[in-house]
Amino acid sequence: MRIVAFARRLGVPVGLASSVLAILLGLVTVAGAPPQAQAQSLTGNCWSTVIPGGGACYSNPQQACQRQFQEYAYTHIGPYEPYTDTQYWSVKNCHWVWHIGDSGPSAVFYVCPDGSSPVSGKCPGLDQVPSQPCNCGQNGGGTPNVLTDHPIDILSGNKSFQVDDFSTADGSLRLHRIYSSLGYQGAASQPIADPLGMTNWLFDFQYELHLGSDWTNYSILALTTPDGRGLAFYKATDGTLKPFVSSSYSQPQTDLTLAFVGSWPASLSTLTSASTQWTLTDGDDTTWTLQTFLDPQTGLYDIARPVTMIRRDGVQWTFSYATPYQLLAITDSFGKQMTFDWIVNDARAAGGFAAVRAISAVHLPGGYTIKYNYDTVGSFGTGFVEPDRLSQVQYLDASGVVQDQVSYQYGNASFPNALTAILDKNGVQRWSVTYDSQGRATNSTGPSGADSATVAYGTISAGPSTFTRTVTNALGKQFTYTFARSSSNQISLSSVNSAATANTPATTTAYAYGSDSFVSSHTDEKGAVTTYTRDPRGMADQTVEASGTTSARTSTTTWDATRRLPSQVVAPGVTTSYTYDTTAGGGAAGGGVLNNKRYWRIRITNSNGAYGGGNYYTNIADLQLYETAGGGEAGRTAAANWTSNYNSSYPPANARDGAISTETSLVNGSSGPPYTNTWWIFDFGAGVSKTIRGVAVTAPTDSTTGPPSDFAVEWSPDGNTWTSAWTVSGQTGWSLGETRLFVDPAYSYTGSFWGSHLYWRAEFGSHASGQYSVAELQYHATPGAADEIGSATVSAASYYTAGPNPPSYAHDGNASTSWRSTYTSPDQWIQYQFASAVPLAEVRLTAPNNSTYVETVTSGSMAYSDDGVTWREAFPLLHPSAWTSGEAHTFTDPYYH
C-alpha cells in the first residue's frame, strides 16, 4: 500500500531546522525511523535531510530526498519517487512506496547560510532587499530604481542578464530569457515552489500566481514575475485585490494589477478545489489571463500560469498545456507557434508519479530548435535527471545542426546558482561576475574589462536610518548612492554623489518624496529643481521644471482612462492631444473596435448531476457555434479554443470531432452549482469579429448526466471583459446522443437552421436492445414533402452480413427487409450522399415488422457533412415511447421555422 508520511500541506510555520525536524519526525513512529538532526551539523544554503548520526545537506531537494531513501528504504521497499511541494517553499515532501513497519519518508528543509531555516520565506540576518526590474523607474516613474548599465541592482545586489533567443521579424512571437541571481529575494509572500521553467532562468512570459500558505492563513497571494520579483496581493473587503507589502521592506508597487475572474466563492478555502482564472495587467498595459491547474500529487489547483497574453498593440498569445501542467505551445495572433519539450522525472511505471522539472527544447517556426542543457550541483546521483541550473543553450537549424551556442559557468561554491561567466561557442569568455559572502554581485565585467561596474555595499540598519552603495564604473569614477530607510522600513533613494576625477567634477543629485511615497522633487547636478504631483499610480499629472525660479515651466498631463499613455499634454505654448485606435488591446492587430466580438465563451453554471471522485462534471459529446441559419459551423474555424479544467481521459478535442460516441468532460470542482469557473472559449483571431446566433450541444451516448442545464453565451473583445449575449436555463431530461439547438432570442430565421448539404446521416444513441435496425427511411426537405433519397448513395457504419442486412434495405420500399448493424454500440449510423445539396426538415423511419423492431433507435441525432469526412450534429431523433412491429414515425426538426 502507498502511505504518505506527512500531510501534503503542512500546517506549521517553519522555524529553526532542528526544531521543525523534531516536530515532523514525531508525527511518524515507524520501525527504523531516522534520528533527529542537529542544526549545527548542517552546512548552510542547501537542502537538509536526516541521516544516521546527524544531518546532511545537498544542493537540491531531489538529492536530499534520494539520500534519505538510500539510508532508510531497504531492498524490499518500493522505488524512489520525485519529491512534491508543500505550501511552504522551504519544505519539500519526499516519497517512496513503503509498508507499515518499514521506514517511511520524511520532509527535507532549506537551510540558510547561517544554518537556520527561513522564517516567512526569508533567511534571517541578511539584507534581503527586494530586487528591482529595470532602470526605468517603478510605479509610473514615481519610484526611481538604481541599476548599473549591465545591470546589477545596487540595492539588492541582484545580477540580471536578458537574452533574446528568438524573435519573428514583426515581433509577434519571441523568446526573451531572463536570469536573476537573487530572484524572489525579500518577497512579501512565500511562493509554493520555484517558478517552473529553466531552473535559474525564466522566459519573460513566465508569471506564476501561488495560492499557498499565506492565502490559506491570510488571504494573501504570491506573484512571481519573470524578472525575479516576488510580489503579493491581498483580498480587500470590497473584493478587489490590492498590493501587499511586508513589514520588513514595505516597498509599494502600482505597476501590476490583479483581479479575480468571476464571482468570489462563499468560502475562499474552496478556491484551490477547482480551476480559477485571474487577470494580471502589467506596466506596459499587457493583459495576462492566468489559470490554476490541477496538481495531481496534491489534488489542489494552487498555482496559476498564463493561458492568454494580449499586448497593448493587440498581438495575442495563446498558451496550451500538457498533463499535468507543463507548457506545451504558444500560438500568436497570426498562427505562428512555438512548442516546448520538458525534462520530466517519471516514476509512473513503478506506481509513482511524474514530476515536471525544466524546459529542454523549444521548436520554432521554420523547423528551427533551441536546446537548453543543464548541469547538476554536486555528485550525489538520484537516478533522475537533475536540472539544477542552465549550463548551455544551443541554436539548431532545420537539419538539427548546431549553428551557435552559449555556455554558462557557476564558479561560486557558496552560491552554486550564481552565474560567474558566460562563454561563446568558441569557449571565449564574454562576461564575468563576482559576488560577496551574501550572494550580492560585486563586479560585472565584459571582455577585456569593458563595461565594468563594481559595487560596494554599506550595512542596512533598522529604520529610521541611512545606508550607502558605492559604484565604480569602467573609467574609475565613483558614485555614492545614499538611501533612507524609514521607521516603517520603506527604502528610498535620497541622493547620488559622484567623486571628482582628473577630468570630471564632483556632482550631487537629490530626491524628495511626498506622503504617497513617490518622488515629489528632483534636484539635478546643476541645482535645478523639478517638482511633481502624481496620480495614485505614481504617474506625473503635473511637472514643474526649474521650480521656484522665474523660468519655471509647468506641464500638465491627462492620462488615458485605460492605458498608461497620455491623452493630453499641456506645456507652455503648446497642447498635444493623443487619440488611440479602439482595437482590443489598443493596436492595429487587435481585432476590431471595442464592441468587436473576437472571443466567444460558453460559461456553464449548472449541469445535470454528474458527480464522481469528489468533483462535479459537465459532459458534452459535441459543441457547435453558428453565425447564421444555413451558414457553416463557426466554432471549428476559431484560431484557438480552450476550456476550463477537464478530465484528461475526455479531452476538449472530443467535442469538436463530429462524433457523438466521444465526449469531453469539464471538471466543475468539488463545490456544487452554481459553478463559477466552467467554460469553453473560442478565439477567432486578430481582425476577426463574429456574432454567434446559435449554439448546438449534443449529449453523450453513455450517460444523460452531465449535459449543461444552465449556461451563458458571452462575447469579449480581448478575452478578459465579457458581455452576455443570451442565457439558457432549465435544460433537463436529455436523451442519449440528443442534440439541442439554442438560438439567440433576438435572432429570427425561416426554414431549416442547418441549411442544405451533400451528406445526411442518422446517428444512433440508444435503443431497447440488440443491434440497430431500420426497415425504411425517408428524408423530407420540408414537412410533408416528397422523399428526397431517390438515387442517393447509401452507406453505414456496419451491416449484418449473416442476414444479410445491407444499408440498401433501408430504402427499398419493403418493410419486411431492413438494414441491421453488426454491432450494438451507440456509434452506428446510416447515411446518404446526394447529387446536390439538400435541406432536411423531417425524417420518416419505419421499424422492422419482425422481432428486430426492438432494435429501432429511440434517441440520437441527424448529422450533416459537405465532404463526407467532417460531420456536424443537427436536430434530434427522439421516439416518445417503445416501438411496435412495423411502426412508422416521423421525426420533425423542432428548429425548422
Side-chain angles (χ1 to χ4, degrees), residues 160-179 195-208 226-227 284 286 288-289 305-323 325-344 356-375 385 387 389-408 422-426 430 585 587 589 638-642 653 683 685-687:
S160 63
F161 287 99
Q162 301 201 25
V163 180
D164 275 324
D165 281 340
F166 165 77
S167 179
T168 57
D170 60 2
S172 67
L173 194 65
R174 74 167 190 169
L175 277 176
H176 183 76
R177 184 163 43 92
I178 305 173
Y179 167 80
L196 189 62
M198 293 173 290
T199 61
N200 55 338
W201 290 71
L202 288 174
F203 290 123
D204 63 356
F205 54 78
Q206 290 182 297
Y207 287 94
E208 289 190 357
D227 54 22
D284 293 324
T286 299
W288 305 81
T289 300
R305 298 181 174 94
V307 291
T308 63
M309 180 277 291
I310 304 176
R311 293 190 330 214
R312 182 189 287 160
D313 64 2
V315 169
Q316 172 171 325
W317 289 2
T318 301
F319 301 76
S320 57
Y321 291 83
T323 302
Y325 44 72
Q326 67 269 36
L327 179 65
L328 180 63
I330 298 175
T331 306
D332 72 7
S333 305
F334 310 103
K336 296 189 292 292
Q337 188 177 76
M338 303 182 291
T339 60
F340 296 77
D341 295 340
W342 289 80
I343 296 170
V344 178
V356 182
R357 290 297 181 227
I359 294 169
S360 60
V362 181
H363 303 286
L364 307 172
Y368 301 96
T369 298
I370 302 176
K371 290 184 63 177
Y372 298 94
N373 302 315
Y374 303 85
D375 64 8
V385 176
R389 58 197 183 188
L390 184 67
S391 59
Q392 186 184 65
V393 179
Q394 295 178 307
Y395 304 88
L396 283 66
D397 63 18
S399 299
V401 178
V402 176
Q403 297 296 321
D404 197 5
Q405 71 180 33
V406 61
S407 299
Y408 301 103
I422 299 177
L423 281 65
D424 66 17
K425 67 177 181 179
N426 298 316
R430 294 298 181 179
N641 66 87
W642 62 97
D683 171 17

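The structure places CD of Gln403 at 4.5 Å from CG of Asp397, a figure rounded to the nearest 0.5 Å. Rounding to the nearest 0.5 Å gives a distance of 10.5 Å between CD1 of Ile330 and CG of Leu328. Here the CD-CD distance, from Gln405 to Gln394, works out to 5.0 Å after rounding to the nearest 0.5 Å. Once rounded to the nearest 0.5 Å, the distance linking CG of Leu173 with OG of Ser167 reads 8.0 Å. With rounding to the nearest 0.5 Å, the separation of CZ in Arg305 from CD in Gln326 is 9.5 Å. To the nearest 0.5 Å, atoms CH2 (Trp317) and OG (Ser333) are separated by 10.5 Å.
With Trp201 contributing its side chain and Phe161 its backbone, the two residues share no donor-acceptor pair below 3.5 Å. Here the side chain of Asp164 pairs no donor or acceptor atom with the backbone of Phe166 at under 3.5 angstrom. Under the 3.5 Å distance criterion, the side-chain polar atoms of Thr331 are left unmatched by any main-chain donor or acceptor of Gly335. At least one donor-acceptor pair closer than 3.5 Å links the side chain of Trp342 to the backbone N or O of Leu327. Under a 3.5 Å cut-off, the side chain of Gln392 and the backbone N or O of Val406 do not form any donor-acceptor pair. Side-chain atoms of Tyr374 come within 3.5 Å of backbone atoms of Ile359 as a donor-acceptor pair (strictly under, hydrogens ignored).
Side-chain polar atoms of Tyr408 and Asn373 form no donor-acceptor pair below 3.5 angstrom. Thr168 and Lys336 share no donor-acceptor pair across their side chains, judged by distance under 3.5 Å alone. For the residue pair Asp332 / Ser172, a side-chain donor-acceptor distance below 3.5 Å is found, with atom types taken as modelled. Judged purely by distance below 3.5 Å, without hydrogens or angles, the side chains of His363 and Thr369 pair a donor atom with an acceptor atom. No side-chain N or O of Thr286 forms a donor-acceptor pair with one of Asp284 less than 3.5 Å apart.
Considering Arg174, Arg177, Gln162 in turn, Arg174 is the only one that fulfils the side chain to side chain donor-acceptor pair (under 3.5 Å) rule with Asp204.
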- Checking side chain to side chain contact (heavy atoms under 4.5 Å, CB included) for the pair Ile310/Val315: CA distance, chi angles, key distance, verdict? CA-CA 6 Å; Ile310 304 176; Val315 169; over 6 Å; no
- Item | Trace of the side chain to side chain contact (heavy atoms under 4.5 Å, CB included) decision for Arg430 with Leu423 | CA-CA 5 Å; Arg430 294 298 181 179; Leu423 281 65; over 6 Å; no
- Message: side chain to side chain contact (heavy atoms under 4.5 Å, CB included) for Leu196 and Tyr325? Distances and angles first, verdict last.
- Response: CA-CA 10 Å; Leu196 189 62; Tyr325 44 72; 3.8 Å; yes
- Task: Start with the C-alpha gap between Tyr372 and Asp165, add the side-chain angles, then the distance that decides, and say whether side chain to side chain donor-acceptor pair (under 3.5 Å) holds.
- Result: CA-CA 11 Å; Tyr372 298 94; Asp165 281 340; 2.7 Å; yes
- Going through the checks in order, is the side chain to side chain contact (heavy atoms under 4.5 Å, CB included) test met by Phe319 and Met309? CA-CA 8 Å; Phe319 301 76; Met309 180 277 291; 3.9 Å; yes
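Side chains of Arg389 and Asp375 form a contact here, defined as non-hydrogen atoms less than 4.5 Å apart. Within the 4.5 Å cutoff, side-chain heavy atoms of Phe203 are placed close to those of Met198. Taking 4.5 Å as the limit, every side-chain heavy atom of Tyr179 sits out of range of all side-chain heavy atoms of Leu390. With contacts defined as side-chain heavy-atom distances shorter than 4.5 Å, the pair Thr318/Asp683 qualifies. Side-chain contact between Trp288 and Pro306 is present, with at least one heavy-atom pair separated by less than 4.5 Å. In this structure, Ile370 and Val393 have side chains that are in contact, with non-hydrogen atoms separated by less than 4.5 Å. Side-chain contact between Val402 and Tyr395: absent, with no pair of heavy atoms (C-beta onward) separated by less than 4.5 Å. Using a 4.5 Å heavy-atom cutoff, the side chains of Tyr207 and Leu202 are not in contact.
Across all non-hydrogen atoms, the minimal contact from Pro365 to Met338 is CD-CG, 4.4 Å. The shortest heavy-atom contact between Pro387 and Ile343 is CB-CD1, 4.1 Å.
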